[in-house]
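Reviewing the structure listed below.
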Protein chains: 2
Amino acid sequence: MSDDSTPQRPFRDGPSHDALPPVAQHARQYETVRNAHETELIEDYVELIGDLLDHRGEARAADIANRMAVSQATVSKMIRRLNELGLVTSQPYRSLFLTDEGRKMAQTSRGRHDIVLHFLRALGVPDSTARIDAEGMEHHVSDETLAIMQRFTDEKDA
Amino acid sequence: MSDDSTPQRPFRDGPSHDALPPVAQHARQYETVRNAHETELIEDYVELIGDLLDHRGEARAADIANRMAVSQATVSKMIRRLNELGLVTSQPYRSLFLTDEGRKMAQTSRGRHDIVLHFLRALGVPDSTARIDAEGMEHHVSDETLAIMQRFTDEKDA
DNA sequence: CAACCAATTTAGCCTTGGCTAACAATGCGG
DNA sequence: CCGCATTGTTAGCCAAGGCTAAATTGGTTG
């Protein structure tokens with residue numbers, strides 16, 4: 001463990017850099033991101049399925065594959081996983097449905113997504129860019145920040 | 001292809017949902033996120049190595065493992081990858097260095113990271129939360145949005 | 001200078017999330 | 001009601017990014 005015993009070396013003369021955060025805190029940042037990665041794809045699928053159900057009354061694997069730009073095989077495999085996780089129910093060759101838990105996740109995810117999207121628009125980001133950024137950002141924004149974004153958007157719109 | 005021929009079904013009576021984006025655009029959102037995922041870990045490693053070099057004069061595998069909260073074996077494997085990608089140079093059992101390209105990536109990544117972090121703070125997010133969120137968000141913010149964030153922060157600080 | 005401890009690397013395993021190709025079921029048009 | 005296009009599934013491949021355990025190297029210290 002060579003870390004964090006070494007006092008600051010007098011090496012730099014460049015622009016001022018922030019100090020490195022303490023190891024434990026730094027580590028927690030990365031852990032949080034890794035954890036988010038584990039759930040975000042799941043959430044994206046569930047959210048999309050929820051949207052399809054709302055807007056079209058059904059969610060077919062082919063539609064999901066299209067919208068995700070992914071092969072049907074990938075979707076099929078993922079659906080099995082969602083099934084095991086108790087998020088969707090499906091009979092073979094039939095349209096999908098969300099379980100209660102799945103519906104809850106879809107709703108939450110939807111909510112976060114909307115807050116981020118509206119926030120970006122309120123900030124002045126053009127729609128098509130806002131959509132793309134929101135998709136990536138939504139899984140990495142804490143509840144705390146989310147609340148602040150919400151507040152910002154509300155004030156802007158008021 | 002059952003998609004996008006079906007006109008709106010009159011199903012919902014709940015809260016107003018935005019319409020689904022056209023398939024092509026929707027697909028692009030997900031593709032962008034997938035692409036970001038491919039590079040973001042790499043960027044995180046390179047950025048961290050750059051930070052360690054700046055702040056401590058050297059970047060050791062053990063420090064990286066500590067700060068990332070990951071095993072040394074994982075770091076070792078990743079370093080080999082970074083090597084193959086021409087981002088770092090390393091002799092076995094020795095400290096690491098960034099190539100020109102690696103330095104450039106570290107700098108860019110650092111820049112994005114700082115903009116997002118400062119933006120979040122300017123928005124009113126407490127520091128420790130801002131750090132965590134910034135880590136996750138930095139790879140999903142477009143240049144366009146980044147510029148807007150920068151501007152916002154500048155105005156706030158002025 | 002030998003021996004031990006810390007750091008690094010290697011080997012081998014696992015899960016995720018993609019893919020293609022081949023096969024199976026559905027359901028519609030004639 | 002038969003045939004065939006569309007849709008869904010399965011099998012088997014691959015790369016990435018984790019892990020543990022074991023082997024190696026390097027440095028320090030008694």
Side-chain angles (χ1 to χ4, degrees), chain A residues 1-6 23 27 30-46 48-49 52 56 58-85 87-97 136 139, chain B residues 1-6 23 27 30-46 48-49 52 56 58-85 87-97 136 139:
Chain A
M1 208 100 18
S2 78
D3 209 4
D4 274 296
S5 35
T6 349
V23 190
Y30 291 110
E31 279 169 358
T32 305
V33 175
R34 274 199 301 277
N35 291 343
H37 280 166
E38 283 176 24
T39 52
E40 68 183 283
L41 230 209
I42 304 284
E43 285 174 13
D44 281 344
Y45 272 90
V46 169
L48 176 55
I49 291 169
L52 288 170
R56 319 193 107 80
E58 62 175 6
R60 310 188 126 289
D63 296 352
I64 299 171
N66 270 210
R67 294 201 167 258
M68 291 246 180
V70 127
S71 76
Q72 289 195 6
T74 297
V75 172
S76 200
K77 194 192 274 193
M78 186 58 78
I79 288 171
R80 198 174 0 161
R81 256 200 93 205
L82 296 179
N83 234 307
E84 286 161 8
L85 293 173
L87 295 166
V88 312
T89 57
S90 63
Q91 298 115 320
Y93 297 95
R94 255 51 236 264
S95 177
L96 307 171
F97 296 96
H139 306 282
Chain B
M1 206 99 17
S2 77
D3 210 4
D4 275 295
S5 35
T6 348
V23 190
Y30 291 109
E31 279 169 357
T32 305
V33 175
R34 274 200 301 277
N35 291 342
H37 280 165
E38 282 177 23
T39 53
E40 68 183 284
L41 231 209
I42 304 283
E43 285 175 13
D44 282 343
Y45 272 90
V46 170
L48 176 54
I49 291 170
L52 288 170
R56 319 194 108 81
E58 62 175 7
R60 309 185 127 294
D63 296 351
I64 298 171
N66 270 209
R67 294 201 166 258
M68 291 248 180
V70 127
S71 76
Q72 289 196 4
T74 297
V75 172
S76 200
K77 193 191 273 192
M78 186 57 78
I79 288 171
R80 199 174 1 162
R81 255 200 95 205
L82 297 179
N83 235 307
E84 286 160 8
L85 293 173
L87 295 165
V88 311
T89 56
S90 62
Q91 298 116 318
Y93 297 94
R94 254 48 233 263
S95 178
L96 307 172
F97 297 95
H139 306 282

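Proteins come first, then strands; the chains are lettered A, B, ... in the order of their sequence lines, and each starts at number 1. Not measured: the values here are computed from a predicted model.
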Heavy-atom side-chain proximity of B/Tyr45 to B/Leu96 below 4.5 angstrom:
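SC-SC contact between B/Tyr45 and B/Leu96 ruled out.
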Can you name the residues that form a side chain to side chain contact (heavy atoms under 4.5 Å, CB included) with [X], not counting sequence neighbours?
X       : value
B/Glu84 : B/Arg80, B/Arg81
A/Ser76 : none
B/Ala27 : A/Ala69

By side chain to side chain donor-acceptor pair (under 3.5 Å) - contacts of B/Thr74 (at least two apart)
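If we apply the side chain to side chain donor-acceptor pair (under 3.5 Å) test to B/Thr74, skipping adjacent residues, the hits are B/Ser71.
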With sequence neighbours excluded, what pairs up with B/Ser90 under the side chain to side chain donor-acceptor pair (under 3.5 Å) test?
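B/Ser90: side chain to side chain donor-acceptor pair (under 3.5 Å) contacts with B/Asn83.
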How long is the line joining [atom1] of [X] and [atom2] of [N], in whole Å?
X       : N      : atom1 : atom2 : answer
A/Asp63 : D/dG8  : CG    : C1'   : 13 Å
B/Gln91 : D/dT25 : CD    : P     : 16 Å
B/Glu40 : D/dG18 : CD    : C1'   : 15 Å
B/Ile64 : D/dG17 : CD1   : C1'   : 15 Å
A/Arg60 : D/dA5  : CZ    : C1'   : 14 Å
B/Glu84 : D/dA15 : CD    : P     : 12 Å
B/Met68 : D/dG17 : CE    : C1'   : 12 Å
B/Glu43 : D/dA16 : CD    : C1'   : 16 Å

Closer than 4.0 Å, any side-chain N/O of A/Arg80 to the OP1 or OP2 of D/dT9?
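Negative; the distance criterion is not met.
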B/Arg94 side chain near C/dT9 phosphate (N/O to OP1/OP2, under 4.0 Å)
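Indeed not, no polar side-chain atom of B/Arg94 lies that close.
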Would you mind building the protein contact string for nucleotides 17-24 of chain C? One character per nucleotide, 5' to 3', B for base within reach (heavy atoms under 4.0 Å), S for sugar-phosphate only, - for untouched.
BBBBB--B
